[in-house]
Amino acid sequence: MRKGLLTIAAVGLLTTGSMTACSGDSGDDQASSAKTPKIGVILPDSKSSARWESADRRFLEEAFKAAGVQYDIQNAQNDKTAFQTIADQMITSGVTALMIVNLDSGTGKAVLDKAKSQGVATIDYDRLTLGGSAQYYVSFDNETVGKLQGEGLAKCLTDQGAKNPVVAYLNGSPTDNNATLFKNGYDSVLKPKFDAKEYVKGPEDAVPAWDNAQATTIFEQQLTKANGKIDGVLAANDGLGNAAISVLKKNKLNGKVPVTGQDASTEGLQNILTGDQCMTVYKAVREEAKAASDLAIALAKGEKKDTGQTVKDPEGNRDVPSVLLTPKAIYKENVKDVIADGYVTKEEVCAGAYAKLCADAGIS
Ligand code: BGC
């Protein structure tokens with residue numbers, strides 16, 4: 001059942017090589033002796049996306065429990081001071097590996113560098129810390145995420161028969177490297193259309209800290225600025241998409257203006273079923289959590305895994321060993337795949353008024 005959805009994501013996983021901690025091999029020295037794994041994870045917040053608490057926490061716990069290792073998962077609730085305090089506590093409590101989803105590269109780097117200086121292994125989980133020192137980066141191919149969003153919006157605008165549509169952008173947080181990668185991806189699809197005057201570039205804003213409430217205000221202002229003429233919204237995740245949809249609803253424009261998203265949240269999938277959202281991007285967080293957990297455990301045991309791939313950190317000018325999984329576009333027709341994959345349940349998505357829409361979309 002999960003096969004179709006995850007075949008590509010499962011490609012290129014990890015191979016083990018034995019660690020040779022020898023002289024002059026800086027960077028690897030902290031893995032020189034085997035330790036009993038204890039893994040600390042710092043999640044960023046619980047509001048910018050439902051995924052952190054409803055998917056990442058769940059799947060990380062699942063992976064750690066299956067491996068029988070000790071763990072501590074905490075959430076910094078978008079507070080940079082709390083982020084650093086949690087990291088300090090985890091280091092003091094003797095974690096062997098620290099996995100972080102940074103709130104920005106500056107504070108992320110401070111935490112990673114401190115962990116490294118104390119002999120704690122580090123992993124950038126989902127977001128790359130620019131200029132940082134993590135031993136691994138585990139995420140999705142985030143430019144492809146953006147590309148799927150751009151292609152999705154173009155497909156939905158074509159389906160609506162839109163002529164020279166005005167497209168607005170609600171980008172993710174300016175301090176999240178992923179937001180930059182998503183935008184690179186959707187620009188690669190949409191910019192040629194703006195340049196060819198096929199589409200018209202409307203207002204564009206980055207939403208600080210991916211704050212959904214601020215996104216509502218920002219989109220209200222965009223719509224006013226565009227004199228009510230916005231024909232498509234490239235929203236970088238489901239939360240920002242829902243903010244735009246709430247404003248479109250007030251203006252009786254929902255369903256007429258395609259909106260994109262990301263994360264296949266319950267709310268995003270429901271917005272797709274009602275026709276208010278055009279598409280979302282599903283990222284199989286279970287695979288991401290498993291890959292990160294495997295690496296953290298290997299690091300504690302003094303093993304060095306070859307991920308077969310690196311990502312360039314342009315600020316630190318280094319190639320970071322990485323696992324990049326494959327995202328998937330979700331439209332009304334394949335909302336059922338996300339449920340079949342165990343990411344969200346039918347009970348959640350098809351509750352109440354959504355039951356009939358689910359049946360119509362072949363969710364049984
Ligand atoms: C993640 C997205 C998420 C966003 C807001 C990004 O770094 O990749 O999945 O929607 O942060 O939390």
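We count ligands from 1, going down the list as the structure has it; atoms in each ligand are counted the same way. Bear in mind the structure is a predicted one, so any value in this text is a computation, not a measurement.
Judged as a side chain to side chain contact (heavy atoms under 4.5 Å, CB included), and not counting sequence neighbours, the contacts of Pro208 are Gln214, Ile218. Under the rule for a salt bridge (charged side-chain N to carboxylate O under 4.0 Å, His left out), the partners of Glu62 that lie at least two apart in sequence or sit in another chain are Arg286. With sequence neighbours left out, Lys336 forms a salt bridge (charged side-chain N to carboxylate O under 4.0 Å, His left out) with no residue at all.
With respect to the salt-bridge test (charged N to carboxylate O, under 4.0 angstrom), the residues Asp341 and Lys328 do not qualify.
Protein neighbours of ligand 1 below 4.0 Å, counting non-hydrogen atoms: Ser48, Ser49, Arg51, Trp52, Asp126, Arg127, Asp176, Asn178, Phe182, Trp210, Asn237, Gln262, Asp263, Lys283.
Among all heavy-atom pairs drawn from Ile91 and Ala115, the shortest one is CD1-CA, 3.7 Å.
A distance of 8.0 Å separates CZ of Arg57 from CD of Gln74, quoted to the nearest 0.5 Å.
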